[in-house]
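The next block holds one structure in the form of structure tokens; read it before the comments.
Read the numbers this way: they start at 1 and go in the same order the structure lists the ligands and their atoms.
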Amino acid sequence: MPASTSEIKAYIQAAAIVIREHAEEVAALDQAIGDGDHVANLQRGLAALDSLAEELGQMDWPAAFQKIGMSLMSSVGGASGSLYGTFFLAMSKAIRNKEMNLPNLAEAFSQGVEAMKQRGKADLGEKTMLDVLIPVANALQQAAQESWALPQALENINRVAEAGCESTRDLIATKGRASFLGERARGHIDAGARTSQLMIGAIGDVVAKSLQ
Ligand code: ADP
Ligand code: MG
């Protein structure tokens with residue numbers, strides 16, 4: 001099943017808009033415990049994807065995810081670029097020859113997160129975007145296994161993404177630049193966790209609207 005152009009465009013634009021709306025907040029988060037470039041890195045990646053949106057819309061999902069992954073790797077820079085790149089390349093591999101539906105998406109998303117964990121040698125509780133992405137992968141799997149209705153699944157995904165993002169506030173970082181700060185990182189939300197939560201929420205809203 002090809003990814004439709006309007007669908008892909010809507011997801012990319014929703015992500016770009018929510019990141020733009022929160023750009024100052026995210027920059028401040030990364031300035032507090034990182035080097036401050038996270039929002040600019042991400043916006044570069046989203047702009048690159050936006051310029052590919054027409055092309056992506058003509059591709060099937062495995063090819064589109066592959067192209068997204070490669071584009072993020074080359075455009076973003078920073079730790080987040082190669083990590084998101086790895087995520088989408090693994091999603092591409094996992095969804096090959098499969099239909100795009102909730103169980104297969106849940107499995108592909110989990111494979112993406114698994115690849116990201118290996119690439120960054122990180123796991124839950126290290127004050128990174130994995131503190132959002134791991135709970136979201138689990139929520140997708142639960143929704144698929146228990147055949148939840150999509151609106152319910154989306155609501156739960158938002159809830160766990162927000163909780164995961166908030167959970168980074170009280171953690172110390174053991175990976176990434178914030179790990180150099182030790183105890184001083186405590187009290188600040190991780191910028192990458194916040195942006196992944198924002199983008200997941202925005203894309204979920206587009207999906208929810210398409211169901212109405
Ligand atoms: P850089 O840290 O190279 O400046 P960015 O600022 O774009 O890159 O991204 C920083 C974000 O990347 C962090 O806020 C964190 O969420 C995420 N991150 C950093 N290292 C890792 C890792 N090993 N595993 C998962 N996520 C990570
Ligand atoms: Mg940074």
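Close N/O approach between Ala122 and ligand 1 is not found [any backbone or side-chain N/O within under 3.5 Å]. For ligand 1, none of its N or O atoms has an N or O atom of Lys175 under 3.5 Å away. Considering backbone and side-chain atoms alike, Asp35 places an N or O below 3.5 Å from some N or O of ligand 1. For Leu130, no nitrogen or oxygen atom sits less than 3.5 Å from a nitrogen or oxygen atom of ligand 1, counting backbone and side chain alike.
Side chain of Arg44 to backbone of Ser75: a donor-acceptor contact under 3.5 angstrom is found. Counting only distance, with no hydrogens or angles, the side chain of Lys127 and the backbone of Ala185 share a donor-acceptor pair below 3.5 Å.
Near Asp190, meaning under 4.0 Å from one of its heavy atoms, ligand 1 places the atoms 13 (C), 14 (O), 15 (C), 16 (O).
Residue contacts with ligand 1, taken as heavy atom pairs separated by less than 4.0 Å, involve Ala79 via backbone and side-chain atoms alike. For Arg177, every heavy-atom contact with ligand 1 shorter than 4.0 Å involves the side chain, none the backbone. By the criterion of a heavy-atom distance under 4.0 Å, the side chain of Asp30, and not its backbone, is placed next to ligand 1. Counting heavy atoms under 4.0 Å from ligand 1, residue Thr128 touches it through both backbone and side chain. Counting heavy atoms closer than 4.0 Å to ligand 1, residue Leu83 contributes side-chain atoms (C-beta onward) but none from N, CA, C or O.
Judged purely by distance below 3.5 Å, without hydrogens or angles, the side chains of Gln197 and Glu166 never pair a donor atom with an acceptor atom. Between the side chains of Gln58 and Glu54, no donor-acceptor pair of N or O atoms lies under 3.5 Å.
Closest to the Mg ion (ligand 2) among the N, O or S atoms of Asp30 is OD2.
The minimum heavy-atom distance linking Asp205 with Asn158 is given by the pair OD1-ND2, 4.4 Å.
Using cut-offs of 30° and 60° for the angle between ring planes, the Phe87 and Tyr84 rings count as perpendicular.
At a threshold of 4.0 Å, the pair Asp123-Lys117 counts as salt-bridged, since one of the basic side-chain nitrogens sits closer than that to a carboxylate oxygen.
Here the Mg ion (ligand 2) is the vertex; the OD1 atom in Asp37 and the OD1 atom in Asp35 give an angle of 80° (to 10°).
Between Leu105 and Trp61, every side-chain heavy-atom pair lies at or beyond the 4.5 Å cut-off.
Among protein heavy atoms, the minimum distance from atom 20 (N) of ligand 1 is reached at Gly176 CA, 3.7 Å. The protein heavy atom nearest to atom 9 (O) of ligand 1 is His38 ND1, 3.2 Å. Nearest to atom 23 (N) of ligand 1 among the protein's heavy atoms is Gly120 O, 2.9 Å. Nearest to atom 6 (O) of ligand 1 among the protein's heavy atoms is Asp37 OD1, 3.0 Å.
Of the listed options Gly78, Gly192, Ala173, Ser80, Ser80 places a heavy atom closest to atom 7 (O) of ligand 1.
The hydrophobic cluster around Leu89 extends to Met70, Met73, counting ILVMFWY residues whose side-chain heavy atoms fall within less than 4.5 Å of a member. Its side chain within the 4.5 Å cluster rule, Ile33 clusters with Leu181 among the Ile, Leu, Val, Met, Phe, Trp and Tyr residues.
Rounding to the nearest 0.5 Å places CG of Asp30 at 14.0 Å from CZ of Arg194.
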